[in-house]
Amino acid sequence: MSYWLLKSEPSAFSISDLEAIPDQITPWEGVRNYQARNFLRDRLCLRDQAFFYHSNTVTPAIVGIVEVVRAGYPDTTAFDPASPYYDPTSTPANPRWYRVDVRLLNVLQRPITLIELRQQAATLGDFALLRRGSRLSVLPVSTAQWTFILTLMHAPPL
DNA sequence: GCCAACGTTGGC
DNA sequence: GCCAACGTTGGC
């Protein structure tokens, strides 16, 4: 069992969008970065949990928790010329990009903002989200980091 | 294999 | 909207 953080721009797909889906399950697709692809293809396992993070927004923050309900499988949006994620170098016989399916577990009682996470950097230790210039959209979270961030949620904001 | 140019990400 | 950081592309 591992923990992860998945970034999404709320203008493209937000936690509210996920909440509105009847079964609250969505493919996590359109990831076009090799390091993130490798995590999706090789490392995210059934029942792993992940923070849902809103990026590139006024207040970047962790806003929810999802669980993996289907492990890595080919991202077929790469095969579709009409898709914004189309990539002709990926073929069904030799898929380049992968996705997982996730299900909403819960929306956090309050968002844990990037500002607050930075304030807790000393406790969090080495955390890919806080690395300078980090652009990775699928990144690992240690068990200690996961647990600590959940305790932040239950405490009042700084 | 190098590296300049370019496109994208994402915080601010 | 700006721009620093980073990844990718492609000429050589």
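Just so we're on the same page: letters track the sequence lines, and every chain starts at 1.
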Over how many whole Å does the gap from [X] atom [atom1] to [N] atom [atom2] extend?
{"X": "A/Y53", "N": "B/dT9", "atom1": "OH", "atom2": "C1'", "result": "11 Å"}
{"X": "A/L117", "N": "B/dG11", "atom1": "CG", "atom2": "P", "result": "11 Å"}
{"X": "A/D87", "N": "C/dT9", "atom1": "CG", "atom2": "C1'", "result": "13 Å"}
{"X": "A/N33", "N": "C/dT9", "atom1": "CG", "atom2": "P", "result": "11 Å"}
{"X": "A/L114", "N": "B/dT9", "atom1": "CG", "atom2": "C1'", "result": "14 Å"}
{"X": "A/L5", "N": "B/dG10", "atom1": "CG", "atom2": "P", "result": "11 Å"}

inquiry  = Between A/N94 and A/T91, do the side chains contain a donor N or O and an acceptor N or O under 3.5 Å apart?
reply    =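 No, no side-chain donor-acceptor pair sits under 3.5 Å.
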message = Just by distance, no angles: are the side chains of A/D42 and A/Y98 close enough, under 3.5 Å, to form a donor-acceptor pair?
response =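 Judged by distance alone, the side chains do not pair up.
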request  = Quick one: list whatever passes salt bridge (Lys or Arg N to Asp or Glu O under 4.0 Å) with A/E67, sequence neighbours left out.
outcome  =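 A/E67: salt bridge (Lys or Arg N to Asp or Glu O under 4.0 Å) contacts with A/R103.
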ask   = Can you name the residues that form a salt bridge (Lys or Arg N to Asp or Glu O under 4.0 Å) with A/R43, not counting sequence neighbours?
value =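 Not a single residue meets the salt bridge (Lys or Arg N to Asp or Glu O under 4.0 Å) criterion with A/R43.
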Give me, pair by pair, the N or O atoms of the protein and of nucleotides 5-8 of chain B that are less than 3.5 Å apart, along with how far apart they are.
| residue | atom | partner | partner atom | Å |
| --- | --- | --- | --- | --- |
| B/dT8 | O2 | A/R135 | NH2 | 3.0 |

Comparing A/R132 and A/N56 on DNA chain C - which has the more 5′ nearest nucleotide =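 Looking at DNA chain C, the more 5' nearest nucleotide goes with A/N56.
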request  = Measure centre to centre between the rings of A/W97 and A/Y34, then say whether the value is under 6.0 Å.
outcome  =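 Here the rings of A/Y34 and A/W97 have centres that are less than 6.0 Å from each other.
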request  = Output yes when at least one side-chain N/O atom of A/K7 is less than 4.0 Å from OP1 or OP2 of B/dT9, else no.
outcome  =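 A/K7 to B/dT9 OP1/OP2: no side-chain N or O under 4.0 Å.
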message = Can you classify the ring geometry of A/W28 versus A/F13 as parallel (below 30°), tilted (30 to 60°) or perpendicular (above 60°)?
response =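 The rings of A/W28 and A/F13 stand perpendicular, inter-plane angle above 60°.
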